[in-house]
Amino acid sequence: MQSTQVSAMRATNFAVEGQLRCAYTDDATYFEPAVKKMIVGKDKIIAWIDSIYFNEHIVRNEYLNPQVHVNGGGDFALVAYNLNTYVLDEKGKEQLNCAWNTSHGYQLIDGQWRIVHSNWALTRTATEETAS
């Protein structure tokens, strides 16, 4: 594995550990299902995240199928993965809370991998597979 891929994976680990908000650039962009219009700017992204995501009942996150694509110059990486979050049901058993398809565009800025774009999509948005 190239050192840029290792660095990108470290950036992913940084994000995965709940530090995503610190990684955004000042002019980052953000999409997710609850947003009608793209959010632009770190402060606006963090304000949005703080306003809507507060599930303290999540007991486990499961990160699946991580992929890292690094450009030839080694200063841009696309990181994609599936994220499943779990909560406890009324009997104390884990149950799937939400399943996401997630991708982040990272740029190497002053030796640090920073998020320039973040996209979150629900893995299951319909009861049947359809294309439109």
Side-chain angles (χ1 to χ4, degrees):
M1 182 178 282
Q2 295 178 346
S3 64
T4 52
Q5 289 174 310
V6 171
S7 294
M9 286 303 290
R10 284 188 189 133
T12 302
N13 290 337
F14 175 77
V16 165
E17 293 168 2
Q19 301 299 320
L20 208 60
R21 66 186 57 226
C22 298
Y24 287 107
T25 59
D26 289 340
D27 60 349
T29 52
Y30 180 95
F31 280 124
E32 67 148 274
V35 174
K36 291 182 181 179
K37 185 177 169 186
M38 179 174 56
I39 299 173
V40 179
K42 177 181 180 175
D43 293 340
K44 290 179 182 176
I45 293 168
I46 291 171
W48 170 254
I49 292 169
D50 287 344
S51 75
I52 195 165
Y53 296 106
F54 51 85
N55 191 342
E56 68 278 1
H57 302 292
I58 293 174
V59 294
R60 182 169 64 93
N61 292 320
E62 182 177 47
Y63 298 89
L64 305 169
N65 310 311
Q67 296 291 314
V68 178
H69 304 279
V70 180
N71 73 340
D75 62 350
F76 186 85
L78 178 67
V79 178
Y81 55 91
N82 303 106
L83 171 63
N84 293 335
T85 60
Y86 293 88
V87 295
L88 297 179
D89 66 13
E90 51 283 340
K91 294 180 182 179
K93 293 183 82 173
E94 280 189 9
Q95 70 177 22
L96 181 64
N97 179 55
C98 199
W100 297 96
N101 294 324
T102 307
S103 59
H104 306 289
Y106 283 85
Q107 186 171 357
L108 188 59
I109 301 171
D110 296 328
Q112 299 287 318
W113 285 101
R114 305 288 305 280
I115 299 173
V116 295
H117 181 74
S118 185
N119 186 65
W120 296 81
L122 295 169
T123 60
R124 296 181 189 105
T125 58
T127 56
E128 297 180 25
E129 290 185 22
T130 59
S132 58

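Heavy atoms only: backbone and side chains are in, while hydrogens, waters and symmetry mates are out.
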- Task: State plainly whether one hydrophobic cluster holds both Ile49 and Ile39, where clusters connect Ile, Leu, Val, Met, Phe, Trp and Tyr through side-chain heavy atoms under 4.5 angstrom apart.
- Result: yes

**OP:** Answer with yes or no whether the hydrophobic clustering places Leu122 together with Val35; edges join I, L, V, M, F, W, Y residues whose side-chain heavy atoms lie under 4.5 Å apart.
**Re:** yes

Practice problem: Answer yes if the ring centres of Trp120 and His104 are under 6.0 angstrom apart, and no otherwise. | Solution: yes

* Asked: Any chain of hydrophobic side-chain contacts (each under 4.5 Å) joining Ile115 to Val40?
  -> no

_Any heavy-atom pair between the side chains of Gln95 and Leu88 that's under 4.5 Å?_
no

Any donor-acceptor N or O pair under 3.5 Å, side chains Glu32, Trp48
yes

Side chain to side chain donor-acceptor pair (under 3.5 Å) with Asn82: of Asn65, Thr123, Thr102, only one passes, and it is Asn65

CG of Asp26 to NZ of Lys44, rounded to nearest 0.5 Å, is 12.5 Å

Rounding to 0.5 Å, atoms CD1 (Ile109) and CZ (Phe76) come to a distance of 10.0 Å

Honestly curious: do Trp100 and Tyr30 fall in one hydrophobic cluster under the side-chain, below-4.5 Å linking rule? yes

Determine whether the side chains of Glu62 and Tyr86 contain a donor N or O and an acceptor N or O closer than 3.5 Å.
yes

| query | Judged by atom type as modelled, is there a donor-acceptor pair below 3.5 Å linking the side chain of Thr85 to the main-chain atoms of Asn61? | reply | no

*Is the CD atom of Gln112 crowded by more than 12 outside heavy atoms at less than 6.0 Å?*
no

Are the ring centres of His117 and Tyr106 closer than 6.0 Å? no

Do Phe31 and Val79 share a hydrophobic cluster (ILVMFWY, side-chain heavy atoms under 4.5 Å, transitive)?
no

Taken to the nearest 0.5 Å, the spacing of Glu94 CD from Asp89 CG works out to 9.5 Å

Give a yes or no answer on whether the side chain of Asp75 reaches the backbone of Gln107 with a donor-acceptor pair at less than 3.5 Å. no

